[in-house]
Amino acid sequence: MATVVRNAIAYVTRRRYRTLIILGILTLVLACIHVCLNIIISSDSMEKSLYKASNSSLSIVRKGDQGTFEVKNFADLKRIKEVSEVIPKYEGVAALEGSSVILGNQSVKRDDVPSELRNAVSAKSTTSTEREVLFSSGVFSLDEGRHIGSKDRGKVLVHRKFAEKNKLKLHDKITMRFLNSGEMSEIGELSGESGAQSAMEGKGSSGEAETFEIVGIYSGKMQEQHSGLPSDLSENTIFTDYESSQKSLGYAEGSHVASTVTVTADSPEKLESVSKNIRKLNVDWSKFEISKNNAAFHAASESLAGVKSIMRIMTLAILGCGTIVLSLILMLWLRERIYEIGILLSIGVSKLAIVGQFIVELVLVSIPAMISALIVGQITFSFIVDGFVASGESEALAGLLSRGGMYTSFISFGMSYVLLLMIIIGSVVITSGAILIRRPKEILSKIS
């Protein structure tokens with residue numbers, strides 16, 4: 001083995017011109033494979049990131065009137081093993097005490113609104129505002145503070161303009177009272193159900209004023225349906241924790257109500273399974289309906305699937321072309337080495353050792369090619385990411401591509417080098433096989 005390596009080193013160092021040509025070919029092939037595999041290997045983590053960022057979920061609501069319902073109807077949701085989170089949401093109206101709403105321009109002007117409702121806000125209560133579609137879609141963006149989680153009590157997010165008008169900042173307090181079912185019905189009669197539920201399940205007592213701490217300030221503008229109430233405006237939308245809303249409305253622990261129950265899963269496959277299992281629950285489905293909130297994920301994943309498909313085809317093409325090009329070059333050079341092969345065979349060197357020397361020669365050249373290919377590959381990868389950014393429509397995908405990290409890059413590079421070794425071995429076997437299948441006597445006779 002030592003002799004084989006020594007002979008290989010001697011040939012590589014003496015044939016510098018040929019070595020440089022092979023170095024260039026191996027660098028190009030390795031760099032191209034690295035770029036393709038880097039994207040393919042990153043695709044799984046990218047898909048998970050896309051899925052998480054899109055907040056894909058299932059929503060359970062009442063049919064028709066979009067009213068509230070008792071959460072206990074869906075107590076068995078947590079027993080479905082694929083379910084990762086169950087998020088109840090309550091949407092209602094709350095009257096402010098000590099603060100003032102934003103009085104914006106509305107297309108509808110009304111004089112029949114009770115004085116209490118003139119200073120009311122739209123209250124959206126949930127156990128996770130980060131999962132709220134208005135935030136995940138980018139309509140609203142959190143500027144300061146943090147989102148509300150499942151363990152929060154007495155916490156709110158307010159709009160920046162609302163905070164500026166009332167001179168509020170993070171950790172300041174506001175007081176408001178959720179309107180109960182009777183008052184909600186009154187709003188429904190006045191506004192055609194703008195910001196209120198017309199159908200209620202459960203019996204809450206009169207809402208009591210509660211004090212909330214501001215933990216986040218957001219900005220943005222949602223699509224508004226003007227009905228003459230200040231609660232229609234984005235600036236007068238306040239997000240609260242779910243438990244506080246139920247406490248303020250007077251609902252007991254076992255009789256909480258929700259406008260929507262959102263169900264999440266860890267992967268698209270699990271979400272499909274959850275959808276099937278939910279329909280098996282003992283629920284009167286004539287009153288409820290399930291909707292999927294995964295359009296954003298499907299739109300992004302289609303772009304990702306297209307990129308993955310292209311990269312797979314390119315990888316196979318590079319492997320094939322690399323093998324063919326390297327084999328053709330080796331075949332030309334091998335003919336010039338027929339004398340060397342004959343001499344080695346005549347002195348008793350085995351065919352396996354000769355093939356091994358050819359492979360070692362290329363492996364030695366591939367070592368410096370690794371460094372240059374890594375640099376070229378990273379530069380090419382950066383150009384690809386910049387190309388996605390320039391396209392405009394794929395900025396999110398480009399951001400995920402660029403977040404692959406060094407670990408993913410080194411893993412893909414290691415796999416790329418293994419594929420390069422396979423190309424080297426395959427090329428050597430193909431080119432030397434035609435000569436080495438002959439008997440030593442035939443080869444020596446050709447030399448003579």
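Owing to the predicted nature of the structure, the values given are computational and were not obtained by experimental measurement.
In summary, E144 and R160 engage in a salt bridge, as defined by a charged side-chain N under 4.0 Å from a carboxylate O. Using a 4.0 Å cut-off between charged side-chain N and carboxylate O, K63 and D284 make no salt bridge. A salt bridge does not link K173 to E213: none of the charged nitrogens lies less than 4.0 Å from a carboxylate oxygen. We find that K124 and E91 are joined by a salt bridge, their nearest charged nitrogen and carboxylate oxygen being less than 4.0 Å apart. Residues K221 and E235 are paired through a salt bridge, judged by an N-O separation under 4.0 Å between the basic side chain and the carboxylate.
With N73 contributing its side chain and E70 its backbone, the two residues share a donor-acceptor pair below 3.5 Å. Remark: side-chain polar atoms of D172 are paired, donor with acceptor, to backbone N or O of K169 under 3.5 angstrom. Under a 3.5 Å cut-off, the side chain of S248 and the backbone N or O of S244 do not form any donor-acceptor pair. Judged purely by atom type and a 3.5 angstrom limit, T237 uses its side chain to pair as donor or acceptor with the backbone of L233. With hydrogens and angles ignored, the 3.5 Å screen pairs no side-chain donor or acceptor of T68 with any backbone N or O of S259. Panel note: side chain N166, backbone F162; a donor-acceptor pair is recorded below 3.5 Å. Side-chain atoms of N277 never come within 3.5 Å of backbone atoms of I80 as a donor-acceptor pair (strictly under, hydrogens ignored).
The CD1 atom of I324 sits 8.5 Å away from atom CD1 of I430, with the distance rounded to the nearest 0.5 Å. The CG atom of L374 sits 11.0 Å away from the OG1 atom of T27 when rounded to the nearest 0.5 Å. Interatomic distance, CD1 of I148 versus CG of L142, reported as 10.0 Å (0.5 Å rounding). Atom CG of L316 sits about 10.5 Å away from atom CD1 of I33, to the nearest 0.5 Å. Going from atom CD1 of I424 over to atom CG of L330 covers 9.0 Å, rounded to the nearest 0.5 Å. Between Y242 atom OH and R153 atom CZ the span is 11.0 Å, to the nearest 0.5 Å.
Note on ring orientation: taking the six-membered ring where Trp is involved, the planes of Y218 and F140 are tilted (angle from 30° to 60°).
Side-chain contact annotation: D143 with S219, donor-acceptor N/O pair under 3.5 Å present. A donor-acceptor pair shorter than 3.5 Å cannot be found between the side chains of S427 and T323. For the residue pair S59 / T260, no side-chain donor-acceptor distance below 3.5 Å is found, with atom types taken as modelled.
Between E132 and K89 the shortest side-chain heavy-atom distance falls below 4.5 Å. No side-chain heavy atom of F135 sits less than 4.5 Å from a side-chain heavy atom of E130. By the 4.5 Å heavy-atom criterion applied to side chains, L326 and L26 are counted as neighbours. Counting only heavy atoms from C-beta outward, the side chains of R131 and T126 never approach each other to under 4.5 Å. Side-chain contact between D241 and S245 is absent, with no heavy atoms from C-beta onward closer than 4.5 Å.
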field: Check against side chain to side chain donor-acceptor pair (under 3.5 Å), S84 and T264
entry: CA-CA 6 Å; S84 60; T264 65; 2.9 Å; yes
Worked verdict on E82 versus S273 for side chain to side chain donor-acceptor pair (under 3.5 Å): CA-CA 7 Å; E82 294 89 351; S273 177; 3.1 Å; yes
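Taking each heavy atom of R62 and F288 in turn, the nearest pair found is CG-CE2, 3.9 Å. When every heavy atom of T431 is checked against every heavy atom of S327, the shortest pair comes out as CG2-O, 2.9 Å. In terms of heavy atoms, A258 sits closest to V71 at CB-CG2, 3.7 Å.
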Using distance only, find each side-chain donor-acceptor pair of residues 358-368 under 3.5 Å and give its atom names and separation, not counting sequence neighbours.
unit_1 : atom_1 : unit_2 : atom_2 : d
E361   : OE1    : R337   : NH1    : 2.9
E361   : OE2    : R337   : NH2    : 2.9
E361   : OE2    : Q357   : NE2    : 3.1
S366   : OG     : V363   : O      : 2.6
S366   : OG     : Y417   : OH     : 2.8

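Taking the six-membered ring for Trp and the full ring otherwise, F413 and H34 have centroids separated by under 6.0 Å.
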